[in-house]
Amino acid sequence: MTASETYSTLEVTMSKPLLTVENLRADIRMPDGVLSAVDGMDLTVTRGETVCLVGESGSGKSLTCDSITGLVSSRKIDVSGSVRFDGEALLEADEATLRTIRGNRIAYLFQNSHNALDPVYSIGNQIVEAITFHDDDPEPEPREQAIELLETVGLSRPGERVDSYPHELSQGMRQRVALAIALAADPDLLIADEPTSALDVTIQARILELLEQLKRERDLTVLLVTHDLRVVARLADRVVVMYAGQPVERGPVDAVFETPAHPYTQALFDSFTGTTQKTHEQPAATGCRFASECPHAVDDCRTERPAFEAVGTDETTSHQAACIYYRDGRDRSKVLERATGVATAADSLLEVSDGE
Amino acid sequence: MTNADGPPKAPPTPPTTEEKAAFEEIEWEHVSPADRTGGPERTVFAFGLVLLAAVYLYHRSTGELYLVLSWAVGPEDWLLLLAVVVGVAFGLVPRVGKRGRREVKRVAQRLRGRWLTLVSLGVLAGVLAIALYAVLSGLQPRLTMETGNPGPDRFQPPVGFDGPYMSTRTDCVGTVTGEAVGERRCHGTWTYPLGTDRWGYKMTDLLIIGSRPVLYATVVTIGVIVPLATLVGVVAGYYGGLLDDLLMSYVDVQLSVPAIVLYLIAYLFVGNSMFVLLVAFGLLSWGGIARIVRSETLQRREEGYVRSARVIGASNPYILRRHVLPNITNSIVPATFHLIAVLVLTEAALSFLGFHVSFQSWGMTIAEGLFRDHPLEVWWNSTTPALVLMATVAAFKLAGDGLRDVLDPRGDHE
Amino acid sequence: MSDEPLLSVTDLEKHYPITEGLLRRQTGTVRAVDGVSFDVARGESVGLVGESGCGKSTTALSVLRLEEPTGGAVRFDGEDVLNYDDEELRRFRRRAQLVLQDPDSAFNPRQTVGEAIEEPLRIHGLPNPERRRHVVEDTIEHVGLPADAADGYPHEFSGGERQRLALARALVLNPDLLIADEPVSALDGRTKSGVLELLARVQSRFDVAIVLISHDVDLVRRFCDRVAVMYLGRVVERGAVEDVLTNPAHPYTQSLVEAVPSLDPTAVASSPALRTDELPDATDLPDGCRFHPRCPAVIQPEGIDLPHEEWLGVTALRFRLANEWGDEADRRELLENGSTPSRETTDPSFETALRNAFDLPESDSTAESTLETAINALESGSLEAARRQLADGFASPCEEISPAELEVRVDGESATDATTRLVACHHYNDDISSGESSAPAENHSSK
């Protein structure tokens, strides 16, 4: 696969990661015990790339992002592990430092732009607020910058719209404005939490297009959170698949989409193309959490938590799955047999030419 | 369809046999639709009204002062009885059935362990029971004459405390300590556990009698004011349109009339009574609750379960009763308890200012204890009724919030 | 089984008046549903697909008479639903059910789910509580949950489970028709797929007809036999799913299908070629074809035959003038970064800049004279005159005549695959689109 090769060369050149998360845990204290909502999350985001956290609702992907940026406000949640953002340890940082980093260097784009915008202020006002929060002495004038940003996010007639209020804008325009606010501080990292899930399909296409363009033109680094594999396919460079708080598979998007290796990833793909459904089993408490639902589970799965193993035979590949079938000496063919993945454009071209 | 071919794993509950394939056939043409909308409640209500009217006519024709025991009935008492009829019909009757009993059991279960709510409810039950006793027995405070002195025993301190000994105006039932005339102290005794006031009335009697406004405020609020507000709010919110406009315009007008002005006018022309207070402050203040209920109803009307109930053919009164009303108790219950607390405080404030709405109510007793020389020396005359008033009002507020959580199966609102 | 469809909706209309003041004077109309027709056969699944605000949910509510339609006809099993008396309506409520999108609000939080599922039985008068309980437990097992779930409260269940229970409540009366309004939109991944599969299983086993309302083209593709595509209160195209969604005929359907991102990371990203993303004001819908302000294939008027790009430039200028000419700064901006950077501007005149910005033609003589006059008018500051000029010269039939539904033959891979469907687009009306060069779909012919 050429793309994954390009990827590994890229990894060499961009040696220093922007964000490194190691063994991140978020434990929710419940009346009847502790729930590990995020359990041993490892994540690396290098400058200029888009990493996607993918999983179903309840997989802990949003909580992972909140833990990284210190947005976990509930006293019932204990966050531990190591988060380094450009050399700074975020979990140990005080609230003032975190606020500065959140305002200036890490921006958020939420799912529901209707809630993200304050209805009583004009959109220009809100962008200016984001700019001045980041920069005490903005140059040029913040209002000029705001108009420029609105143009960047593809809002027509920005000079006029800068004074309009959120309710005067359509769904798609509001999401563009939310993006403009996120970009106002010229952040190093954009965390986009389901940025298109609440949008209509044509608007969704536009926002995806816009994000793609911004990635290209502004060299944006994005941590994307979504359940929609189609959004992943469109935007991501690398993917981390989460199940019940644990990462189960990671790698370059092409490799993961071509050969989904973990049985959970396979089930997730099936849910988009064919039939698969969640059984009513609770995630297992020990070992591999997917063991209670996994069609390939063996006794070992329930006792020990599997480490990440390379999926390809080539040891240098970064496509890894946390499944004991990929351990040395195990027969992985049984699991890979189900790896239907996605026929890539190249493959389908081949198929057509074979058929004729 | 693409999903018809080979599922990757067996569905969780595969169809076992073919006869499970269809649901049990029901011969709908033979069952009669029964969309009951509160049959027994309405019967009991109608019966109660007739009974109340009969008792009223009988009582007027005999010209007796007392209705039962030593209960001297006034207009506020008829309002109270009307509220009781409403409360029994729409509060008690629905709890008698199987589902009602289950609900009561569930609420009782959820009450367990919520000691704050339990204590509040206990305090309220105690106060209301005492007030009921005071109303029914027509209790009057008795002058105290234990010491054998001519005239009543004034300013006796509570048990365990002492107060100034003023031989010129009163005598001490308990022991007197101190040598110099100005420094003698009178000690309280069990004869008057909470002491006596400037007239020689027992504080215990005064506190018992002073609880009567709480009973009127509670029963009339729960039985008349809130049902009225709920009815208006629900109807306006659910049916909308012109009806909504008219009802809410009326509520706006009513809310803009200051209750205190109305009360003062009535005070001048009608006279002073608990009835006037309840009408002026109670029946004019339901507009706020009606507005809350209306906006909640507007929200509930759009909920999926209301829509689903309409799809299955439920009638509007049924939907209002089964789906809308239970889900707005989150707002109604705290608002109700708040209103009761406000009414109790209003009565106390007016009595304190000298309007003597309910004679010898807590507010009046506080004022009696304060508006004299050296009020701090006889602190128990004002402090005990103030504490009781405070505890009652706090209990109403806490019980309101606690009940809201208990009634909601989803649990705490914190 | 009779030939007549189970449900037949004809020209359904639901208009909401906009009123002002205490006297409720009508000041406008929202045409939420405006002439929708579709049929549903017994046991079949029909998708109603369209973006939010297209009137698909209002259609569902009007068909079930949860909203009273203001026009049109709904026939259910040969009977006129809109003329039902109370007793007939009660019977209809047993036979036609609704499943809603939001699993959070589907159940009354104060009732156990068993009570909620039992409610239809109680309301329709099944007096025996043991029998009711039996039916309820049976139904709950059918949707893949244990029977004792009946004693739980709604908040104790996950979103997917609640949606299964909502389905149980809809099925407990054994209906013939089930309208599912975005039944899985609030769910994701395997939960979504699971509920969808359950719906399919229920349909095949109980022979219930399903109307699936969704904005998700993929979902309709996976689940439905036939589909009706809605845009702003009207059906623009309907036919068999595999035909309509693989080879869409209406320009709107094409945009909708193109907008769905691919699951293939190496695929070339497609993006709908809409002229604007803004939907018109619901109280002031465009005349003619409602899609024409966004349509990338607006038909040129008679006598004008510009290349497609240039024609789109002209319509874009008209659109801009009519709606959002903007203030001085915006215009300057527009002219400076004209949409065609390839054409180097040496002459800074207004006309050249404008022509560049909108890719306006210089070839066609009829068009040219109109354009020239309009641009001159604009330059001299007379916006109104420019608007009029352009409107007179370039009025498309799409903005004047409302397209009727036409039966259209669309060729498939081979001649035998050709299928017919109903499309409401002037491109398929030879009287209007004669000589039109840029048809949205090349492989069609009208019949």
Side-chain angles (χ1 to χ4, degrees), chain A residues 3 55-59 147 151 156-161 170-173 196-197 199-206 208-209 212 227-236 239 252-254 256-258 267-280 293 342-348, chain C residues 49-54 144-146 158-161 186-198 200 215-218 222 252 255-272 274 276-279 294 320 324-334 337:
Chain A
E56 293 167 295
S57 47
S59 61
I147 295 174
E151 207 189 328
S156 60
R157 289 185 296 140
E160 200 174 315
R161 291 245 166 82
S170 69
Q171 187 196 33
M173 289 198 272
T196 60
S197 301
L199 304 175
D200 265 323
V201 58
T202 54
I203 311 290
Q204 179 181 22
R206 291 282 187 247
L208 288 177
E209 206 174 13
E212 218 167 27
H227 69 271
D228 192 339
L229 290 172
R230 298 171 303 192
V231 174
V232 182
R234 180 79 183 263
L235 289 177
V239 185
V253 65
D254 294 346
V256 174
F257 274 58
E258 195 188 54
L268 203 56
F269 270 97
D270 283 342
S271 78
F272 269 79
T273 53
T275 55
T276 178
Q277 50 180 284
K278 200 181 170 92
T279 60
H280 300 286
E293 291 191 70
V342 179
T344 57
D347 293 337
S348 47
Chain C
V49 68
E51 293 177 280
S52 55
C54 73
L145 288 170
S158 71
E161 286 167 339
L187 311 174
D188 65 11
R190 296 171 303 147
T191 315
K192 181 177 187 160
S193 164
V195 172
L196 201 62
E197 195 187 335
L198 171 68
H215 68 277
D216 188 340
V217 177
D218 272 356
R222 274 170 68 182
Y252 177 66
S255 325
L256 209 57
V257 172
E258 274 169 21
V260 180
S262 163
L263 197 51
D264 175 4
T266 61
V268 181
S270 67
S271 167
L274 297 173
T276 168
D277 293 335
E278 301 313 315
L279 283 171
R294 299 176 74 191
R320 176 91 189 208
E324 42 169 62
W325 187 227
D327 62 10
E328 197 62 40
D330 278 339
R331 280 202 293 280
R332 215 169 35 241
E333 186 121 29
L334 167 85
N337 343 322

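Letters A, B, ... mirror the listed sequences (proteins, then strands); counts begin at 1.
Nearest heavy atoms, C/S52 versus A/Q171: OG-OE1, 4.4 Å. Nearest heavy-atom pair across C/E51 and A/I203 is OE2-N, 4.3 Å. Scanning all heavy atoms of the two residues, the minimum distance from C/A259 to A/A205 falls at O-CB, 3.6 Å. Nearest approach of C/R222 to A/S271, heavy atoms of both residues: NH1-O, 3.0 Å.
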Checklist entry - Should A/D270 and C/R190 be marked as a salt bridge (Lys or Arg N to Asp or Glu O under 4.0 Å) after you check the CA-CA gap, both sets of side-chain angles, and the distance that decides it? => result CA-CA 8 Å; A/D270 283 342; C/R190 296 171 303 147; over 6 Å; no
Item to check | Worked check of side-chain contact (heavy atoms from CB on, under 4.5 Å) between C/L274 and A/R206 | outcome: CA-CA 10 Å; C/L274 297 173; A/R206 291 282 187 247; 3.7 Å; yes
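For A/L208, the part sitting under 4.5 Å from any heavy atom of chain C is the side chain, from C-beta outward, and nothing else. When heavy atoms are compared at a cutoff of 4.5 Å, C/S262 approaches chain A solely by way of its backbone atoms N, CA, C and O.
Under the 4.5 Å side-chain criterion, counting only non-hydrogen atoms from C-beta, A/T202 is in contact with C/L256. Between A/F257 and C/L263, the closest side-chain pair of non-hydrogen atoms falls below 4.5 Å. No side-chain heavy atom of A/E258 sits under 4.5 Å from any side-chain heavy atom of C/T266.
The salt bridge (Lys or Arg N to Asp or Glu O under 4.0 Å) search around C/E258 returns none, not counting sequence neighbours.
C/D216 contributes atom CG, which lies 9.0 Å from atom CD of A/Q204 (distance to the nearest 0.5 angstrom).
Here A/E56 does not pair with C/K192 in a salt bridge; the nearest charged N to carboxylate O distance is not below 4.0 Å.
In terms of heavy-atom pairs under 4.5 angstrom with chain A, the leader among C/L187, C/D218, C/D188 is C/D188.
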